[in-house]
Amino acid sequence: MKKLSSLLLVGMLSSFTANASNVGEAVPEFTLPSLTKNQTTSFKQFKGKVVYLDFWASWCAPCRTSFPLLNKLHHKLKAQGFEVVAINLDEEPSNAAQFVKEFAVDFTVLRDAKGEWADKFVVESMPTSFIIDKQGIIKHIHHGFASDDLAELEQKITSLLARK
């Protein structure tokens, strides 16, 4: 039991130092393939924008609630410099593609089928989202999603949009 506790502690400490998943940390540069287009997208293209980075999966019930609301929020705030970047973790791309087709989203949807970036961000629940400021710093982490969450998230996003 003591050995297991020690291993867990070492694992937890290494995850804090090797990953960018804490408020106040910079988002690491990443490039992932698009789910809906034949191209790749690099996170650096969103520099200067406030980003809602959302890790999700097609089997995630709260994601079914979040996607239509995030799409509306994206439309509402895009002109002010807001972007939603959704990173799908499904192993089977057709499941994710069907999900996106069903909800007709028009924000950026990327694929991380091996979960490499989900591991770097220490995603432990679906969905897990990161609100990132214009300088690429994580300002808020949100686990799960319910429609009641939207007002608080929008307030945090608009506050960051108002900053220079």
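Values below: all heavy atoms of this structure, side chains included; hydrogens, waters and symmetry mates excluded. These numbers were taken from a predicted model, which means no experiment stands behind them. We number each residue from 1, following the sequence as shown.
- Across Gln135 and Lys47, no two heavy atoms sit closer than the pair O-NZ, 4.3 Å.
- Ring pair Phe99/Trp56: centre-to-centre distance below 6.0 Å.
- Atoms CD and CZ, from Glu102 and Arg64 in turn, are 4.0 Å apart once rounded to the nearest 0.5 Å.
- At a threshold of 4.5 Å between non-hydrogen side-chain atoms, the residues Val85 and Phe46 count as touching.
- Once rounded to the nearest 0.5 Å, the distance linking CD1 of Ile157 with CG of Asp133 reads 12.5 Å.
- The side-chain heavy atoms of Asp54 and Leu70, taken from C-beta on, include a pair separated by under 4.5 Å.
- A salt bridge links Lys76 to Glu154: one of the charged nitrogens lies within less than 4.0 Å of a carboxylate oxygen.
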Test side chain to side chain contact (heavy atoms under 4.5 Å, CB included) applied to Leu73 and Val84, step by step: CA-CA 9 Å; Leu73 188 62; Val84 175; 5.9 Å; no
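- Checked by atom type and distance alone, the side chain of Glu25 never pairs as donor or acceptor with a backbone atom of Ile138 at under 3.5 Å.
- Side chain to side chain, Ser58 and Asn95 fail the donor-acceptor criterion of an N or O pair below 3.5 Å.
- Side-chain atoms of Val50 and Ile132, non-hydrogen and from C-beta on, never get closer than 4.5 Å to each other.
- Contact between Pro93 and Leu35 at its shortest, heavy atoms only, is O-CD1, 4.1 Å.
- One finds the OG atom of Ser66 at 10.0 Å from the CG atom of Leu150 (value rounded to the nearest 0.5 Å).
- At a threshold of 4.0 Å, the pair Lys49-Glu83 counts as salt-bridged, since one of the basic side-chain nitrogens sits closer than that to a carboxylate oxygen.
- Proximity of a side-chain donor or acceptor of Asp90 to a complementary backbone N or O of Glu92 within less than 3.5 Å is not detected.
- To the nearest 0.5 Å, the span separating CG on Asp112 from CG on Asp119 amounts to 8.0 Å.
- Considering every non-hydrogen atom in both Asn88 and Ala57, the closest pair reads ND2-CA, 3.8 Å.
- Taking CD of Gln39 as the reference point, atom CG of Leu32 lies at 12.5 Å (rounded to 0.5 Å).
- Note: Phe30 and Phe121 have perpendicular aromatic rings, judged against thresholds of 30 and 60 degrees for the angle between ring planes.
- Within the 4.5 Å cutoff, the side chain of Leu161 has heavy atoms near those of the Leu77 side chain.
- A donor-acceptor pair under 3.5 Å is absent between the side-chain atoms of Lys139 and the main chain of Phe130, judged by distance alone.
- Between Pro68 and Phe103 the shortest side-chain heavy-atom distance falls below 4.5 Å.
- Looking at residues two or more places apart in sequence or on another chain, you find no side-chain hydrogen bond (donor to acceptor under 3.5 Å, both in side chains) involving Lys156.
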So Ser34 and Arg111, side chain to side chain contact (heavy atoms under 4.5 Å, CB included) or not? Walk me through it. CA-CA 6 Å; Ser34 172; Arg111 284 193 31 77; over 6 Å; no
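- Taking 4.5 Å as the limit, some side-chain heavy atom of Met126 sits within range of a side-chain heavy atom of Val123.
- Contact between Ala113 and Glu91 at its shortest, heavy atoms only, is O-CG, 4.2 Å.
- Side-chain atoms of His75 and Asp106 include a donor-acceptor pair closer than 3.5 Å.
- A side-chain donor-acceptor contact under 3.5 Å links Asp149 to the backbone of Ala146.
- Here the two rings, on Phe107 and Phe67, have centers that are under 6.0 Å apart.
- Using a 4.5 Å heavy-atom threshold, the side chains of Thr36 and Lys101 count as separate.
- When every heavy atom of Phe145 is checked against every heavy atom of Pro62, the shortest pair comes out as O-CB, 3.4 Å.
- With rounding to the nearest 0.5 angstrom, the CG atom of Leu160 is 13.0 Å from the OH atom of Tyr52.
- For the residue pair Thr65 and Ser147, the shortest heavy atom distance occurs at CG2-N, 3.9 Å.
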